[in-house]
Engineer: 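Please see the structure below; I have some questions.
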Amino acid sequence: MKATSTSLPGVLLIEPRVFGDERGFFFESYNRAAFAAATDTQVEFVQDNHSRSLQHVLRGLHYQICQPQGKLVRVVAGEVFDVAVDLRRRSPGFGRWVGYRLSAENRHQLWIPGGFAHGFLVLSEYAEFLYKTTAYYAPEYERCIRWDDSDLAIDWPLDGRPLISAKDQAGCAFNEAELFP
Ligand SMILES: Cc1cn([C@H]2C[C@H](O)[C@@H](COP(=O)(O)OP(=O)(O)O[C@H]3O[C@H](C)C(=O)[C@H](O)[C@H]3O)O2)c(=O)[nH]c1=O
């Protein structure tokens, strides 16, 4: 696997080594030792998540305070535009975002450490989104930032209005005082 740094400190683009043959392909979607070596991080994943979304669905931008989740995200069907926002006050990337197209075809993954908001927009007819997290889901700690936050000005590759959950539509529990050190 190859890990490439991005413009946000700590966020890495992960490209697995894919073995193709006449039957199809094989790749290790996660290998603890290889991940630790390539990312120079020792993390323990405690939860695997899987969501399926229709085209134009936008999930996020979400994060957890008190129990921040590092996320290793990938797409196994379709394509998404995946976004991470740096919420760590002392980071040189504070308040900035990165976005990458993750797809079943490119098999790219994104490693997003704790301290970031995360979300994605589905670009294909539908997308199956899988991700590992380094902390358990804690709804009481869940916070969010609006996808169209004017300060972030994320350049989503939109094709019309996105489909958003009622929760995200209702507005975000965002409190600057709760951001990360
Ligand atoms: C995230 C999560 C949700 N749920 C339950 C809670 C709701 O009843 C249902 C749907 O949850 P929600 O609408 O919050 O799902 P997403 O909008 O995909 O939320 C995710 O969106 C962005 C992309 C993220 O990075 C986060 O992982 C997560 O916040 O699943 C669970 O039981 N466990 C979980 O870990």
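We count ligands from 1, going down the list as the structure has it; atoms in each ligand are counted the same way.
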Engineer: Between F19 and F26, what is the ring plane arrangement, given parallel below 30°, perpendicular above 60°, and tilted in between?
Structural biologist: tilted
Engineer: Are any protein N/O atoms closer than 3.5 Å to the N/O atoms of ligand 1? If there are, list each pair with names and the distance to one decimal place.
Structural biologist:
| residue | atom | partner | partner atom | Å |
| --- | --- | --- | --- | --- |
| ligand 1 | 14 (O) | K167 | NZ | 2.8 |
| ligand 1 | 18 (O) | R59 | NH1 | 2.9 |
| ligand 1 | 19 (O) | H62 | ND1 | 3.3 |
| ligand 1 | 21 (O) | H62 | ND1 | 3.0 |
| ligand 1 | 25 (O) | K71 | NZ | 2.8 |
| ligand 1 | 25 (O) | H118 | ND1 | 2.7 |
| ligand 1 | 27 (O) | Y131 | OH | 2.6 |
| ligand 1 | 29 (O) | H62 | ND1 | 2.6 |
| ligand 1 | 29 (O) | E142 | OE2 | 2.9 |
| ligand 1 | 35 (O) | Q47 | NE2 | 2.9 |

Engineer: Flag the pair E178 and R143 as a salt bridge only when some basic side-chain nitrogen lies within less than 4.0 angstrom of an acidic carboxylate oxygen.
Structural biologist: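 Here E178 pairs with R143 in a salt bridge, since their nearest N and O are under 4.0 Å apart.
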Engineer: Looking at R107 and E15, is there a salt bridge between them, counting it only when a charged N and a carboxylate O are closer than 4.0 Å?
Structural biologist: no
Engineer: From the options R59, H62, R146, select the one residue that forms a side-chain hydrogen bond (donor to acceptor under 3.5 Å, both in side chains) with D168.
Structural biologist: H62
Engineer: Can you hop from V76 to Y131 via hydrophobic side chains spaced under 4.5 Å?
Structural biologist: no
Engineer: Got a salt bridge between D48 and K132, using NZ or NE/NH1/NH2 to carboxylate O under 4.0 Å?
Structural biologist: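 The answer is yes: the pair qualifies as a salt bridge.
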